[in-house]
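One structure is given here, and the rest of the page talks about it.
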Amino acid sequence: MIVGFIKDLFKDFLHVKSHQILKSKLSENGDFSSNLAFLLTKEYRSSPMEVAKKIYNDIASKLPSGLRVELKNGYINFFIEWPLIKSFLMKKEKGYKHNGVDYINLEYISSNPTGPLNVVQARAGVYGDVLGNMMKYVGINVGKEFYINDAGRQRMLLTQSIIARIKELKGEESTFPEEGYKGDYIFSLARDFVDESIDSIGEKSIEEIVNWQKSSLKKIGIFFDKFVKESFIRSKGYPERVLEILKDKGFVYERDGALWFKSSNFGDDKDRVLVRSNGEITYFLADLGYHFYKYERGYKHFINILGPDHHGYIKRIKAGTEVFTGQDLLEVIIVQQVNLKENGKKKRFSKREGRFVLLDEVVDLIGSDVLRTFLLLRHHEQILDFDIELAQKESMDNPAYYLQYAVARLKNIVRKSNKEPLNIEDIKEIGESERRLFIYILYFDDLILRATQQKEPHQLLYYLIEVAKEFHRYYENYRVIGVDEEQMRLFLVEALIKMFVKGMELLSISVPERM
RNA sequence: GCGCCUGUAGCUCAGUUGGAUAGAGCAGCGGAUUUCUAAUCCGCAGGUUGGGGGUUCGAGUCCCUCCAGGCGCGCCA
């Protein structure tokens, strides 16, 4: 935690809110810089450079060995030299001080079990998965959860669709439900359950589809701590319990035979139905029940990752949750859509019509590493175009290989060298190129913390690509094996391997031994 | 109409909760291998950050407005 260490030098200036220690872009400006002087020009009534000088006088006596300071244009620039790098590398603990909430529920994908997973769902999946991994890495206690909507109307439609196909198979007369599911997989389910009793088809087909989904998730390296079924939530009476609380607090009223939640009190466009006039509860009330179940298990903060078509849902689910927790505990993150394209032209994506790109197909075609990288390569609020032909054609240019190749080169050096890396205590000096790489290693934990706080996993991917670039350049210019510095450089090589392995584990990109 | 998101190089995108000279990949052009893996590296070229106004030491980033695109607005989930 090099950034925190530098910031601690400025103990007298903690009141300055937007003080930042930034990683410098240009090496002439040092490794890190502080913008503090700019923020204090008013208070000190003098120019940034003058302020910087005063600040420097304050901290000069506290500077540890290996930390050099230069003042430039009002910036306070820090140069990290080997003695300081060494002391950081020798520290055992990461030194994260995460403040506040540390028991977080992270819910993502949460699809209807009405068909196999597709590429669109995989985006939110990969995003949530990596975010969860990073949270765990920085020491936050987080539960990754998948909510299975195995109840309600969509389930009924699924069952009806299958029954209709079974009748077709048997040559009986049947009418396919108007909004039924038309995908090919319905035929295969129909064949599986052709001799099944009508009553059990619903449950068995859901079971089957959930298994498909779980195997797809495994295939692309997305993992959950827990799966929760809507049917479980309903059978345990959670929706009713929430309903009672909402009633007690006076947020429920009856109109047209239905029960409504006063979500408009919380900034929603209009009120929302909790119980339909036919007595059935809505998806919304069941979902509130699910959130109550999360709350009951002691979670202090909930994060839901949803698709953009759900943004109209945010207000009401936040409002409902706030009523029974008494606090604003729910945070909703929208991961933007994936546009499926075919030869540059936009393709209609509809689950019911059965026209969508199956996750399994894509993974088989381009591989999990390439797909994950492709999905993580953009900010989650950026719409992403996915063209399967193009993705296949360009898969060789995918950054996943660039990262993996760097690791393969590193591991190859270790294999081929017959020497041992130098003990860190015995390393007296390093070159500038090595120093730059060590700085990347030092900053790694800071970067993860930043990416986690901002909930932007793509930052980690970009960072690893940047380090890989720095290493590939190093590799072209310096030899490890057979030179005087071999053992020192072996130490660097092993440190880099550790960092890449850690980073790629968080991203669930596989680490090759050779390529 | 209202709400949310987006607009940065020919294309696809990064850009530090406002920081120094806006960066990468692809595409284009030109180079580098008797030495640990060329799935690599180096160089050249490419920009009115959608338009306009504002806030300030400083704006791609914040505010206002206009333009363009996407998504949502159900007693579906």
Side-chain angles (χ1 to χ4, degrees), chain A residues 17-18 20-26 28-29 33-35 37-39 41-42 47-48 72-75 77 110-112 114 149 151-155 157 179 230 255-260 267-270 272-278 280-284 286-287 307-315 334 336-337 339 377-385 390 394 396-402 404-406 408-417 446-447 450-451 453-454 456 458-459 461-462 465-466 468-469 471-483 486 489 493 514-515:
Chain A
K17 202 68 184 132
S18 45
Q20 295 176 73
I21 305 299
L22 296 172
K23 193 169 188 302
S24 305
K25 287 177 201 153
L26 298 171
E28 61 187 79
N29 293 334
S33 66
S34 159
N35 64 344
F38 293 97
L39 306 169
T41 48
K42 277 203 181 119
S47 71
K72 190 174 163 191
N73 303 332
Y75 287 93
N77 294 333
S110 294
S111 77
N112 285 314
T114 52
N149 308 133
R153 186 162 169 270
Q154 299 306 324
R155 176 202 173 127
L157 277 171
E179 289 179 277
E230 183 179 346
R255 197 214 309 161
D256 304 330
L259 290 180
W260 297 71
D268 200 0
D269 298 341
K270 47 192 157 189
R272 307 291 174 174
V273 172
L274 295 163
V275 182
R276 300 189 191 104
S277 49
N278 66 8
E280 274 182 33
I281 67 170
T282 57
Y283 169 84
F284 172 49
D287 200 17
D309 50 334
H310 285 71
H311 92 254
Y313 186 68
I314 299 175
K315 285 264 170 64
I334 297 289
Q336 273 299 335
Q337 72 206 68
N339 286 333
L377 212 50
R378 281 152 192 78
H379 192 285
H380 63 273
E381 282 178 346
Q382 189 76 240
I383 294 172
L384 184 152
D385 288 340
L390 202 64
E394 290 179 350
M396 285 311 284
D397 296 324
N398 189 283
Y401 294 132
Y402 189 78
Q404 290 173 327
Y405 190 51
R409 280 180 148 179
L410 285 161
K411 293 208 166 188
N412 199 45
I413 293 172
V414 174
R415 258 195 307 273
K416 295 235 165 145
S417 170
D446 285 290
L447 186 277
R450 228 177 69 86
Q453 283 168 345
Q454 299 181 7
E456 294 183 350
H458 75 281
Q459 288 187 21
L461 179 57
Y462 276 90
I465 292 169
E466 198 181 321
K469 178 156 182 106
F471 166 71
H472 281 307
R473 190 183 296 142
Y474 178 80
Y475 186 91
E476 297 289 331
N477 289 314
Y478 301 90
R479 283 189 62 77
V480 174
I481 295 170
V483 298
E486 177 164 352
R489 290 182 178 166
V493 164
R514 40 169 66 88
M515 284 174 81

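Reminder, nothing fancy here: chain letters follow the sequence lines and each chain counts from 1. Everything numeric in this text was worked out from a predicted model, so none of it was measured. Only heavy atoms go into these numbers, but all of them, side chains included; no hydrogens, no water, no symmetry mates.
- Partners of A:R450 under the salt bridge (charged side-chain N to carboxylate O under 4.0 Å, His left out) rule, at least two apart in sequence or in another chain, do not exist in this structure.
- Nearest nucleotide to the A:H310 side chain, out of B:A77, B:A39, B:G25: B:A77.
- Using a 4.0 Å heavy-atom cutoff across all strands shown, A:P48 reaches no nucleic acid atom at all.
- Closest to the A:E381 side chain, of the nucleotides B:A24, B:C5, B:A39, is B:C5.
- The closest side-chain heavy-atom distance from A:Y283 to A:N149 is below 4.5 Å.
- Taking atom CD1 of A:I383 as the reference point, atom P of B:C4 lies 16 Å away to the nearest angstrom.
- For B:A22 and B:C26, the P atoms lie 23 Å apart once the distance is rounded to whole Å.
- Residues satisfying the side-chain contact (heavy atoms from CB on, under 4.5 Å) test with A:Q20, not counting sequence neighbours, are A:L22, A:N35.
- The A:Q154 side chain lies nearest to B:C76 when the options are B:C71, B:C42, B:C76.
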Distances under 3.5 Å between nitrogen or oxygen atoms of protein and nucleotides 1-3 of chain B:
from	atom 1	to	atom 2	distance (Å)
B:G3	N2	A:H311	ND1	3.2
B:G3	N2	A:H311	NE2	2.7
B:G3	N3	A:H311	NE2	3.2

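- Here the separation of B:U34 from B:G19, taken at their C1' atoms, is 49 Å to the nearest Å.
- The interatomic distance linking A:N339 (CG) with B:U6 (C1') rounds to 12 Å, in whole Å.
- Regarding contacts with the backbone of B:A39, a side-chain N or O of A:Y405 is found under 4.0 angstrom from either OP1 or OP2.
- Nearest heavy atoms, A:A37 versus A:P48: CB-O, 3.4 Å.
- Residue contacts for A:F471: at a heavy-atom cut-off of 4.0 Å it reaches no nucleic acid atom on any strand shown.
- Distances shorter than 4.0 Å separate some side-chain N or O of A:R473 from OP1 or OP2 on B:C42.
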Can you pull every protein N or O that's under 3.5 Å from an N or O on nucleotides 30-35 of chain B?
from	atom 1	to	atom 2	distance (Å)
B:U35	O2'	A:R479	NH1	3.0
B:U35	O2'	A:R479	NH2	3.1

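- In this structure, the separation between CG on A:L461 and CD on A:E466 is 11.5 Å, given to the nearest 0.5 Å.
- Residues A:H472 and A:Y405 have side chains in contact (heavy-atom distance under 4.5 Å, counting atoms from C-beta outward).
- Using P as the reference atom, B:G60 and B:C4 are 25 Å apart when rounded to the nearest Å.
- Residue A:L461 contributes atom CG, which lies 12 Å from atom C1' of B:C13 at whole-angstrom precision.
- Remark: A:A286 pairs with A:Y147, A:E230, A:R234, A:I281 by the side-chain contact (heavy atoms from CB on, under 4.5 Å) rule, at least two apart or across chains.
- One distance of note links CG of A:L39 with NZ of A:K17; it measures 12.5 Å at 0.5 Å rounding.
- Using a 4.0 Å heavy-atom criterion, one finds that A:N278 contacts no nucleic acid atom at all.
- Taking a pair as Watson-Crick or G-U wobble with both distances under 3.5 Å, the runs of three or more consecutive pairs in RNA chain B are B:1-7 with B:67-73, B:10-13 with B:23-26, B:28-32 with B:40-44, B:50-54 with B:62-66.
- Qualifying ring pair (Phe, Tyr, Trp, His ring centres under 6.0 Å) partners for A:Y474, counting only residues two or more places apart in sequence or in other chains: A:Y478.
- Contacts of A:R272 classified as side-chain contact (heavy atoms from CB on, under 4.5 Å), with partners at least two apart in sequence or in another chain: A:S263, A:D268, A:D269, A:K270, A:F284, A:R316.
- A search for ring pair (Phe, Tyr, Trp, His ring centres under 6.0 Å) contacts involving A:H379 returns A:H458, not counting sequence neighbours.
- When the P atom of B:C73 is taken as reference, atom OH of A:Y313 falls 13 Å away, rounded to whole Å.
- Every residue meeting the ring pair (Phe, Tyr, Trp, His ring centres under 6.0 Å) condition with A:H380, not counting sequence neighbours, appears here in chain and number order: A:Y127.
- B:A77 atom C1' lies 13 Å from atom CD1 of A:I281, rounded to whole Å.
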Audit row: A:R409, A:F471, side-chain contact (heavy atoms from CB on, under 4.5 Å) steps and yes/no:
CA-CA 10 Å; A:R409 280 180 148 179; A:F471 166 71; 3.9 Å; yes

Encode nucleotides 14-21 of chain B as B, S and - characters from 5' to 3', where the letter depends on protein heavy atoms closer than 4.0 Å: B to the base, S only to sugar-phosphate, - to neither.
SSBS-BBB

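- With both ends at atom P, the span from B:C2 to B:U65 equals 11 Å, rounded to whole Å.
- By the 4.5 Å heavy-atom criterion applied to side chains, A:P399 and A:L377 are counted as neighbours.
- Residue-to-nucleotide contacts include no donor-acceptor pair under 3.5 Å from the side chain of A:T282 to the base of B:C75.
- Between A:H310 and A:I334, the shortest heavy-atom distance links the atoms C-CD1, 4.5 Å.
- When the P atom of B:A77 is taken as reference, atom CG of A:D287 falls 11 Å away, rounded to whole Å.
- Between the C1' atoms of B:G31 and B:U55, the separation comes to 49 Å (whole Å).
- Atom C1' of B:U49 sits at a distance of 16 Å from the matching atom of B:A24, rounded to the whole Å.
- Nucleic acid contact class of A:R272 (heavy atoms, under 4.0 Å, all strands): none.
- No engagement by A:A406 is indicated, since no non-hydrogen atom pair under 4.0 Å with the nucleic acid exists.
- Distance CD (A:E466) to P (B:A24): 10 Å, rounded to an integer number of Å.
- Separating the C1' atom of B:U16 from that of B:A59 is a span of 15 Å, rounded to the nearest Å.
- For the side-chain contact (heavy atoms from CB on, under 4.5 Å) test, residues two or more places apart in sequence or in another chain that qualify with A:N278 are A:R276, A:E280.
- In this structure, A:R514 does not reach the B:A39 phosphate: none of its side-chain N or O atoms is under 4.0 Å from OP1 or OP2.
- Nucleic acid contact for A:S277: base, since at least one base atom lies under 4.0 Å from a heavy atom of the residue.
- Between B:U6 and B:G15, the two P atoms lie 11 Å apart (nearest whole Å).
- Between A:V414 and A:V493, the shortest heavy-atom contact is CG2-CG1, 3.7 Å.
- Between A:R255 and A:Y402, the residue whose closest nucleotide on RNA chain B is further toward the 5' end is A:Y402.
- Atom OH in A:Y474 sits about 16 Å away from atom P in B:C41, given to the nearest Å.
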